[in-house]
Amino acid sequence: MGRRHLVTGAAVTALLLACLSGTASGFSQGSPDTTCRTMEPLHGVSRQITPAPFTITPSVVEIEGGKQMEVTLEAGQGTSFKGFLVEGRSAETQDVVGTFFTEDHKYLNCDNGVNNAVTHRGPAAKSKVAIKWEPPSDFSGDVVFTGSFVQERTVFWVGVTSEKVTVKRSAPAPPVPETTTTTSTTTSTASTPAEVASLERDLINIYDDCGNSKGCFGFPAECETNKKCTMLVTYSKVSSGYKFEIVGSTTTGYVAAGLSDDEKMGGDSVMACLASAGANSGPDVVMAFNNGRNNEMLVEKKYGLSDIQAAVVNGQAYCTFVRDASTEISGIVFDLDKDRFHLMVATGPVNPNGLSYHDKRTVSSGTVALDSFETVEVRSDLFRTLHACFMVGAWICAASCGIIVARYFKKTWLKSRSCGIDQWFHLHRFFMGLTWSLVIAGVVLILYYLNGWKDLDSRNTEHAILGVVSTGLCFIQPFMALCRCSPTHKRRPVFNWLHWFVGNSAQILGIAAIYFGFGLIGAPTWVVFILIIFVAFHCLVHLLLSIGQCISDSRAESSSNVYPMKELNGSRTPLQPSEKNTDAPGAGFRKVMLFFYFLGNFLITAALLLVITVDEKTLKEWGLIFWE
């Protein structure tokens, strides 16, 4: 999924400040949150012990809490630095305090704080950096600004300090916000403007360290590279376990990440970010378990979780939390330090009992160790997509066109027979042969994708049963045609009825299977309206052609007193008219209707194929979706 080379689990806890040259390794986009304490890059060499040619200078030596001051990082004459990290620390406790404000650099959240450290965003050489800093209004004491500077990959200084700044308390300590606590777990729903702004900044920067200081896995494929994921989970090693971020495009449902030992649903640990945890509660994170095909909430919903933050930001559910490295769920031990997992991400609606069946889901094609950031590819859905496309092409397009031609055009193009065979039969045989080929190929592809026939959950039953029956009818249809008797045989009407019944039944069941299949591939709900438009269009053309045929039959009857035996072709006139080279009346009307039917059918089929192969977000970007 476009992830870069690994950084070992031990290195995750160290600060890689390197904004270095093209051959240097390091965090060219800045340091990760997990490296706030050491402030030392892991470059394979020791820090410099000589005095640093860099300074950190506060603009004042005394300030009142809640007011801003400027902190300047500056290189000595003739020098520059490529990477930096600066924090404000209490001189007494060494805790990171205060909040920075900058638009040119990157924030870090140290010790569960918000924007209380700043690092570089790019590798350009710098001689001076000025940043705003604001102490808490309820803090009192001395603060020392501490920083690290990287000049080159093997040349860096750690622990550069400023003179002390005395902060005077300006307000009493703010009241403790309400929290929901389960054992040692605290859930905080962003409600104040500052909290929401903090999560918004985190969400904007969520892709920055993918492949360097954290692993990222999202949907659709390669979305981490273009920063356009509709679902994303990130993971990184921290001192208390593993920090996860989950984000997805939903304001009412859930976005979930799963850890599994295979690519199938069952026996999976699920961490779900809920956009709404209930009528009277906001966003939240819960633990669940996939027991076979069913998802079950854990009795202790926050089991193994801590430091939870959740919010709905700009139409996206966004949750961050820390999970214990080892948990035991339903007798299965999930050891994040030792085990490798297939990663799953899914989104769907929430019901009163928990998580409903997902609308969209993707799974990694291989396993990943969560303490490293190796490349993880999304399991390819190519065969499933081809199956859907083939079935739409078969039942919506080819079968419908073949049935229309056989039903209404047996007495058209009689003057232009080819190889002694009527043109309608050539068209009918082509379309039905195409239908048969697409259906059989589609079934082979989906069986390969699913690794054979498996037990079906309730979500799959209707689609699978209807699909199997329609495929069986489609399969026997050409063999029935090969065994047909001559047009004058006494049992020919039996064949005609059977051929008509099997063919139409297969098409109706095939279209019904397509309807139930849309939900299985994550198609938008409004795609059903395209299917309704097709059914209405198909029936309308049938109606108009039937009316035209009745008029045509009336004209033929008025010019002939002969009423020979009729066949099952919907016509009141003989299958073979007395003048074999003369089209039945109304041929021009039928040809015009066939042109418009082909045009409309092809356009509807193209629309369905576009919805199947292109995600809804891309369709909106192309301007093809103008509704919400």
Side-chain angles (χ1 to χ4, degrees), residues 14-19 30-31 33 35-41 46-121 124-152 155-173:
L15 171 63
L16 296 181
L17 285 169
C19 261
S31 310
D33 291 348
T35 58
C36 295
R37 303 307 299 178
T38 63
M39 301 190 74
E40 183 166 349
S46 300
R47 67 175 76 177
Q48 299 295 308
I49 60 174
T50 59
F54 311 106
T55 59
I56 303 176
T57 306
S59 60
V60 297
V61 295
E62 188 175 298
I63 189 171
E64 186 176 338
K67 296 188 177 180
Q68 291 187 5
M69 58 175 284
E70 188 171 86
V71 180
T72 303
L73 285 66
E74 191 168 6
Q77 186 174 4
T79 63
S80 64
F81 53 94
K82 295 183 177 180
F84 72 90
L85 173 65
V86 62
E87 303 168 0
R89 292 188 175 186
S90 167
E92 180 180 355
T93 65
Q94 291 300 302
D95 291 337
V96 182
V97 297
T99 304
F100 284 98
F101 298 88
T102 178
E103 296 181 356
D104 300 323
H105 309 290
K106 178 181 173 182
Y107 294 111
L108 297 183
N109 299 323
C110 299
D111 297 339
N112 298 320
V114 177
N115 301 343
N116 54 5
V118 173
T119 186
H120 56 284
R121 187 181 291 277
K126 310 163 186 65
S127 60
K128 185 177 182 179
V129 170
I131 311 167
K132 296 291 186 179
W133 180 79
E134 179 182 311
S137 58
D138 60 343
F139 179 84
S140 178
D142 292 334
V143 173
V144 175
F145 294 97
T146 304
S148 296
F149 295 84
V150 175
Q151 190 174 54
E152 296 293 343
V155 182
F156 55 88
W157 286 262
V158 177
V160 180
T161 59
S162 71
E163 61 179 306
K164 291 181 181 180
V165 175
T166 301
V167 179
K168 295 183 177 181
R169 184 192 300 271
S170 62

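Everything numeric in this text was worked out from a predicted model, so none of it was measured. These numbers come from the heavy atoms of this one structure, side chains and all, not from hydrogens, waters or symmetry mates.
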Working to the nearest 0.5 Å, report the span between [atom1] of [X] and [atom2] of [Y].
X	Y	atom1	atom2	value
F100	E134	CZ	CD	11.5 Å
L73	H120	CG	NE2	12.5 Å
Q68	I63	CD	CD1	8.0 Å
F149	E74	CZ	CD	10.0 Å
E103	K132	CD	NZ	12.0 Å
E87	D95	CD	CG	11.0 Å

Minimum heavy-atom distance between [X] and [Y], given as atom pair plus value:
X	Y	result
G98	W133	CA-NE1, 3.5 Å
K82	K126	O-NZ, 2.9 Å
H105	V118	CB-CG1, 3.6 Å
P135	E64	CG-O, 4.0 Å
V155	Q48	CA-NE2, 3.9 Å
T146	R89	OG1-CD, 4.3 Å

Q: Go through V144 and S162 one step at a time and tell me if the side chain to side chain contact (heavy atoms under 4.5 Å, CB included) criterion holds.
A: CA-CA 6 Å; V144 175; S162 71; 4.3 Å; yes

Do the non-hydrogen side-chain atoms of [X] and [Y] ever get within less than 4.5 Å of each other?
X	Y	result
P51	W157	no
L108	L85	yes
E62	K168	yes
N116	T99	no
P58	F145	yes
N109	N115	yes
Q151	F54	yes
K128	T72	yes

**Q.** Exam field: side chain S59 to backbone E70, donor-acceptor pair closer than 3.5 Å
**A.**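 Here the side-chain-to-backbone pair exists.
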
Q. Counting N and O atoms only, with roles assigned by atom type, does the side chain of T119 sit under 3.5 Å from a partner on the main chain of F84, one being a donor and the other an acceptor?
A.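 Confirmed, T119 side chain pairs with F84 backbone.
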
